[in-house]
Amino acid sequence: MLKGALGAGAVAACALYAFLVVPAQGDMTTMINGSVYASYAVLALSLALIWGYGGILSFGQAAFFGLGGYAYAVAALNLGDTTMAAMIAVAVAAAAAAVLGYFMFWGRISDVYLGVITLTVSLILYRFLNQTAGEEWTIGVAPLGGFNGIPSTPILTPLGDPDNPLPPERIYVLAMAALLLAYVACRLLVATRFGQVVVAIRENELRAELLGYDSRLYKLGLFVFAGALAGVGGVLFANCVFVSPNMFNLQTNGQVIIWVIVGGLGTLAGPVVGCFLMLMLSTYLGTVGDAGGGWLDPNLILGVVLTVFVLVLRRGLLPMAGAAFDRLTAMRPFVARQIVAANTAADRDRRHGSGANR
Amino acid sequence: MDHIVIILLQLAVTIANLALICAGLAIIFGMMRVINFAHGEFLMLGGYAAIVSSRAGVNLWLAMFVVAPTVVGAIGIVLERLVIRHLYGRMIDTMLATWGISLALIGLVTVIFGNTVSGISPPLGSLAVGQYAIGLYELFLVAVVIGLYGGGWLVLRRTSFGLLARGTMQNRVMAAALGVDPGRVYSITFAIGAAVTGLAGALISPITGVVPTIGAAYIAKAFITVISGGTAIIAGALAASTLLGSINTLFSFAFSPVLGEVALLAAAVLLLRLLPQGITGRFFRRSL
């Protein structure tokens with residue numbers, strides 16, 4: 001109870017900080033960085049949902065992120081109406097997820113192969129868009145631009161006022177609001193019956209099927225929702241940076257996975273926290289890297305962090321914080337301490353057991 | 001006529017390249033079921049080992065055939081002992097841990113060698129076919145691949161270590177009960193896989209050059225080829241390389257090299273929808 005209230009309080013505090021304190025300070029760098037982080041965090045949330053709740057490890061979640069961004073840029077350049085373009089972009093990302101999901105879940109492609117297939121699809125898009133530099137690669141009036149991407153990506157405009165693109169401060173507020181909305185939407189989704197069936201399938205697919213649920217359909221539904229979410233992230237990213245093939249590359253795909261692992265697999269807030277922390281770390285390393293004699297190469301640090309989290313800190317930051325909180329509150333009564341001890345033992349057994357089974 | 005000969009030779013070269021970059025992965029992933037996402041970086045390290053040692057005055061052939069496999073094999077043993085042995089049987093975790101290792105290796109090599117392309121010019125000359133020419137070195141690679149896969153087949157089929165390795169991978173507990181030390185077998189097999197990868201990286205480096213981030217160019221291709229191959233590692237890797245390499249060559253000639261690569265990956269995804277168990281899950285089932 002107390003922990004749930006504290007968690008909700010923490011989310012509210014972060015939201016207040018993001019919506020009131022940061023705009024009031026008016027630091028443009030913070031706001032632009034904040035918008036980029038928020039767009040990535042929406043992507044992290046989409047992976048947190050399908051991997052943490054659905055047990056589907058998509059190593060190519062950035063495919064939908066990039067598709068959303070590209071679809072937005074192309075549609076906005078052609079239509080001139082950015083609101084419509086944003087909706088088209090999300091629809092394109094969802095449709096791509098539906099096609100790929102149908103392909104994988106009806107083909108009964110299982111865990112690891114799923115990761116490699118999704119990664120391959122993302123890399124296909126990366127390779128393809130990287131070579132679209134010539135005149136012949138133009139959709140309507142929008143040139144795809146090869147490895148340069150589309151630097152002239154239009155910025156979102158208010159409804160009914162298509163000639164006034166939003167300034168960066170408004171994009172920041174929009175990105176943060178989208179992140180908060182996406183978080184709430186995911187929270188609600190996992191609380192529904194649908195969300196619970198999805199968790200049941202993650203725990204034991206065969207058992208869920210024997211209970212009469214078509215696991216393929218549920219997985220597809222979750223995958224499409226997550227694809228649409230990643231598409232939203234891509235639209236936001238297109239608005240605060242611009243679209244380029246790098247949205248699809250191995251680096252982007254891997255980063256999302258690191259955020260989820262660091263923040264805590266199986267939670268929704270954890271990956272968002274992990275995303276912000278790791279991006280702040282990367283930004284920081286980027287600024288000190290040259291001065292520090294080059295030893296602080298961001299890849300080196302990220303790689304070591306990921307390996308250590310997988311080997312030693314398997315549960316991720318947020319669940320570890322939760323466990324620490326439990327230990328603190330159980331300090332006083334003796335009985336409560338016994339219960340916690342028993343729970344931890346059971347938890348450990350379960351984790352070891354499932355570890356061996358996988 | 002000359003044109004056809006050149007296309008056929010090019011086809012053989014493409015297939016051999018594919019078979020070469022996925023040979024080490026066929027051992028580590030195909031046999032040991034360890035998702036080695038650092039495979040591309042092992043190739044990169046092999047390339048650097050060969051280039052650095054040949055610049056330091058080592059004979060080029062010695063650098064490629066001895067130094068590179070030794071160096072990468074040693075790195076493989078260290079990583080296996082430090083990280084991977086804790087994660088056997090947990091596929092997703094090995095995938096994440098090796099992805100971390102891959103990032104760390106990219107970072108480390110960038111720190112040491114910088115972010116520029118290093119290369120050596122391919123030895124041997126070129127072979128003229130009418131008005132066309134093809135690098136003799138590339139044809140030499142075809143021979144090496146034949147030797148490598150033939151040797152692999154002999155080791156797995158005819159030596160006691162091959163038998164032990166296959167048995168241990170099939171049933172670790174049973175092998176341990178029969179007096180085999182599974183940890184050692186795993187360790188050695190991983191090292192051999194790494195060494196083969198290092199050799200492959202060294203052999204490719206004169207053609208492509210090396211940068212710290214070159215691994216990303218190979219990783220998806222290698223994985224999708226091994227997975228398309230299916231359970232029989234040697235026959236599978238060869239069959240998948242032949243099929244995907246042909247598609248790659250076809251599209252490269254018809255459109256562009258990049259689209260050739262796109263077609264390769266797309267064909268593999270399609271193939272897995274049709275044959276989820278890979279080629280050898282359906283055909284050549286009793287092969288190795």
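Predicted model only: the values in this text are computed from it and were never measured. A, B, ... follow the sequence lines: proteins, then strands. Residue 1 opens every chain.
- Shown here for B/A97 and A/V310, the closest heavy-atom pair between the two residues is CB-CG1, 4.0 Å.
- Considering only heavy-atom pairs separated by less than 4.5 Å from chain A, the leading option among B/A216, B/A268, B/G107, B/A266 is B/G107.
- Among all heavy-atom pairs drawn from B/A220 and A/L123, the shortest one is CB-CD1, 3.3 Å.
- With a 4.5 Å cut-off on non-hydrogen atoms, B/L265 touches chain A through its backbone and its side chain both.
- Applying side chain to side chain contact (heavy atoms under 4.5 Å, CB included) to B/L96 and the options A/L265, A/I257, A/V260 leaves one that passes, A/I257.
- Atom CZ of A/F276 is surrounded by more than 12 heavy atoms from other residues, nucleotides or ligands within 6.0 Å.
- Neither the backbone nor the side chain of A/F309 comes within contact range of chain B, judged by heavy atoms closer than 4.5 Å.
- For chain A, the nearby part of B/L87 is the side chain; its heavy atoms alone come within less than 4.5 Å.
- Inter-residue side-chain proximity for A/R127 and B/L259 is flagged as unmet; no heavy-atom pair is nearer than 4.5 Å.
- Residue A/M320 places its CE atom among more than 12 non-hydrogen atoms of other residues, nucleotides or ligands, all under 6.0 Å distant.
- With contacts defined as side-chain heavy-atom distances shorter than 4.5 Å, the pair A/L311/B/V83 qualifies.
- Counting heavy atoms from C-beta on, the side chains of A/F103 and B/L272 never come closer than 4.5 Å.
- Contacts between A/I261 and chain B at a heavy-atom distance below 4.5 Å involve the side chain alone, from C-beta outward.
- Around atom CZ of B/R184, no more than 12 heavy atoms belonging to other residues, nucleotides or ligands sit under 6.0 Å away.
- A heavy-atom distance below 4.5 Å is not found between the side chains of A/T120 and B/F223.
- With a threshold of 4.5 angstrom between heavy atoms, B/L274 does not approach chain A through any atom at all.
- Summarising the geometry of A/Q131 relative to B/S256, their closest heavy-atom pair is OE1-OG, 4.0 Å, with the distance given to 0.1 Å.
- Listed options B/A217, B/S102, B/P212 were ranked by heavy-atom pairs under 4.5 angstrom with chain A; first place goes to B/A217.
- Heavy-atom contacts from other residues, nucleotides or ligands closer than 6.0 Å to CZ of B/F253 number more than 12.
- Both the backbone and the side chain of A/L250 come within less than 4.5 Å of a heavy atom in chain B.
- Taking CG of B/L79 as the start and OG1 of A/T307 as the end, the distance is 9.0 Å to the nearest 0.5 Å.
- For the atom pair B/W99 CH2 and A/I258 CD1, the distance stands at 6.5 Å (nearest 0.5 Å).
- Only the side chain of A/L57 has a heavy atom closer than 4.5 Å to any heavy atom of chain B.
- The structure places CG of A/N130 at 11.0 Å from CD of B/E261, a figure rounded to the nearest 0.5 Å.
- Looking at B/T98, there are no atoms closer than 4.5 Å to chain A (heavy atoms on both sides), in backbone or side chain.
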